[in-house]
**Q** 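Please find one structure pasted underneath; my questions will follow.
The figures here come from the full heavy-atom set of this structure, side chains too, leaving out hydrogens, waters and symmetry mates.
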Amino acid sequence: MSKQYKIAALAGDGIGPEVMREAVKVLRAVEKKHGLSLEITEAPVGWAGIDAAGKALPDATLELCRRSDAVLFGSVGLPDRDPTIPKEERPERAALLRLRKEFGLFANLRPVVLSKALAHACPLQPERQGDGIDILVVRELTGGMYFGRPKTIEDLEGGGKRAIDSMVYTTAEIERIAHVGFRAARLRRKKLTSIDKANVLENGVLWRDVVTRVGKEYPDVQLEHMFVDNGAMQLVLKPTQFDVMLCENMFGDILSDEAAALAGSLGMLPSASLGQTTGEKTFGVYEPAGGTAPDIAGKNLANPIAQIASAGLMLQYSFGETAAATAVQDAIAKTIAAGLRTGDIFSSQDAKARKVGTSEMGDAIAAAIGA
Ligand code: NAD
């Protein structure tokens, strides 16, 4: 019997529905080729949710997510409509942040892949790109400076104010994200660079201690520690040295964007947000790093690769279907190597490049899976 997985497909707004269509196309090709049974159920979210049911995350959509093994998410929010409703009801906060909270998503994974064929899209000189860049940033998502208490701005006697943010991490929080990082490294090139600021921050000292201890459970993974300032510099000097970069929340926020810039386009960047693993199962929300791109929505111009690669991450991290996940990655690489380019990654300097629309790119990747 084929393995069965339930997927909630929440396309959202702007380019969401267009790129989701292509991801579903690719999943159907994977399903056939790899003998899986994927129950994919679509539901509205974001402005689509507000228009359909009065809420950015309608109750029925949330219920569907609870019944599903994973959520494949598009993007939500429309800059011309968002300011017309209160902040807490706006799609990004009311849908995305709500989902993160609801499902305890504490780990954010952002792979950054730059193949040689797209060297022109990368801001670094070709000699710094080696044979291509392939980094996975694993970021802790629920702790550290963004959530620590006290967090306040207080008045000072005699005038002026004082702002306080608190960086707080417990051993358990560091342990669980470290395990995510080491497990991910095992699926890749087996190297993990742990980022901290142990020379200045107590948090860094604890982070380094705990990661080192957890690392003993993964003797096959090479562990190194790097200060965050050096990490930021090394990312642009020699990005090819990195495999997995393990970061606390704020450092990961900054370094994942820096790493993302290396891929050349938001349209190439998938992401995964994972919750606790129970038994064999890890619930996750998988989505492109970019937004709803209203400037190109509805025109068959969007690059569907970020959404398709997000579906690939889902196959890997929620379903453990490594062969199927690798097939998605390979199909993307093959299609790029064959010269197909959406506008965001097209260069007229590249004689081999052929500009295609969203659906043609999806067709080609789906066909490469079946081949
Ligand atoms: P954006 O990521 O939507 O767009 C930035 C630029 O990148 C645009 O020029 C866009 O055309 C381009 N781009 C993004 N994805 C692309 C793709 N797949 N293919 C080709 N080009 C692509 O960011 P923005 O314009 O700042 O935000 C637009 C809306 O999206 C806002 O309402 C914002 O709140 C929302 N947003 C949502 C999410 C999310 O749902 N996770 C994330 C970021 C922004």
Side-chain angles (χ1 to χ4, degrees), residues 9 11-27 29 46-48 72-81 110-126 129 132-135 256-271 286-313 328-369:
D13 310 316
I15 60 168
E18 301 165 60
V19 293
M20 182 65 83
R21 202 173 304 130
E22 303 313 312
V24 170
K25 211 183 258 178
V26 171
L27 282 173
W47 279 102
L72 187 59
F73 195 94
S75 338
V76 292
L78 294 171
D80 54 343
R81 293 185 71 183
R110 278 231 233 159
V112 174
V113 179
L114 178 81
S115 64
K116 271 194 102 64
L118 291 184
H120 67 86
C122 177
L124 299 186
Q125 291 154 336
Q129 301 173 19
I133 296 167
D134 185 358
I135 301 170
S256 63
D257 269 19
E258 187 187 351
L262 305 178
S265 169
L266 273 174
M268 297 294 293
L269 290 164
S271 82
Y286 299 83
E287 51 166 337
T292 57
D295 50 334
I296 55 168
K299 299 180 181 157
N300 198 35
L301 291 175
N303 186 345
I305 289 180
Q307 189 75 58
I308 293 169
S310 299
L313 293 179
V328 173
Q329 274 175 17
D330 290 350
I332 293 170
K334 234 173 158 176
T335 308
I336 295 281
L340 273 71
R341 305 278 187 274
T342 41
D344 57 314
I345 51 172
F346 179 77
S347 160
S348 53
Q349 314 283 351
D350 183 353
K352 212 176 164 197
R354 185 164 66 84
K355 206 187 256 188
V356 298
T358 311
S359 54
E360 199 179 337
M361 183 66 102
D363 285 343
I365 296 171
I369 299 271

**Q** Measuring from atom CZ of R341 to atom CD of E360, what distance do you get when rounded to the nearest 0.5 angstrom?
**A** 13.0 Å
**Q** Looking at L124, is its backbone amide N or carbonyl O close enough to the side chain of Q129 to form a donor-acceptor pair, meaning the two atoms are under 3.5 Å apart?
**A** yes
**Q** Kindly say whether Y286 contributes a backbone atom to a donor-acceptor pair with the side chain of S310 at under 3.5 angstrom?
**A** no
**Q** Quick one: closest heavy-atom pair of L114 and C122, and the distance?
**A** CD2-CB, 3.4 Å
**Q** Determine, for E18 against R21, whether the closest basic-nitrogen to carboxylate-oxygen distance falls under 4.0 angstrom.
**A** no
**Q** Are any non-hydrogen side-chain atoms of I305 and I332 less than 4.5 angstrom apart?
**A** yes
**Q** Would you say D13's side chain and A48's backbone share a donor-acceptor pair under 3.5 angstrom?
**A** yes
**Q** Taking E287's backbone N and O only, do any of them form a donor-acceptor pair with S271's side chain (distance below 3.5 Å, no angle check)?
**A** yes
**Q** To check you understand the geometry: which heavy-atom pair defines the closest contact between S256 and R110, and what is its length?
**A** OG-NH2, 3.5 Å
**Q** Please find the pair of heavy atoms, one from A337 and one from K352, that lie closest to each other, and give the distance.
**A** O-NZ, 2.7 Å
**Q** I'd like to know if the side chain of Q307 reaches the main chain of F73, judged simply by a donor and an acceptor atom lying under 3.5 Å from each other, with no hydrogens or angles considered.
**A** yes
**Q** For the residue pair L340 and I365, establish whether any side-chain heavy-atom pair is separated by less than 4.5 Å.
**A** no
**Q** Please report the closest heavy-atom contact between A366 and A29, naming both atoms and the distance.
**A** O-CB, 3.6 Å
**Q** Once you round to the nearest 0.5 Å, how far does CD1 of I135 lie from CD of E258?
**A** 9.0 Å
**Q** Return the CG to CG distance between L118 and L262, rounded to the nearest 0.5 Å.
**A** 13.0 Å
**Q** Does the side chain of L313 reach to within under 4.5 Å of the side chain of P111, using non-hydrogen atoms?
**A** yes
**Q** What's the shortest heavy-atom distance between L78 and G14, and which atoms?
**A** CD2-N, 4.0 Å
**Q** Starting at CE of M20, measure out to CG of L72 and round the result to the nearest 0.5 Å.
**A** 4.0 Å
**Q** If you compare all heavy atoms of A302 against all heavy atoms of I15, which two are closest, and at what distance to 0.1 Å?
**A** CB-CG2, 3.7 Å
**Q** Please report the interatomic distance CE(M268) to CG(L266), rounded to the nearest 0.5 Å.
**A** 11.5 Å
**Q** Would you compute the distance between atom CD1 of I336 and atom OG1 of T342 and round it to the nearest 0.5 angstrom?
**A** 7.0 Å
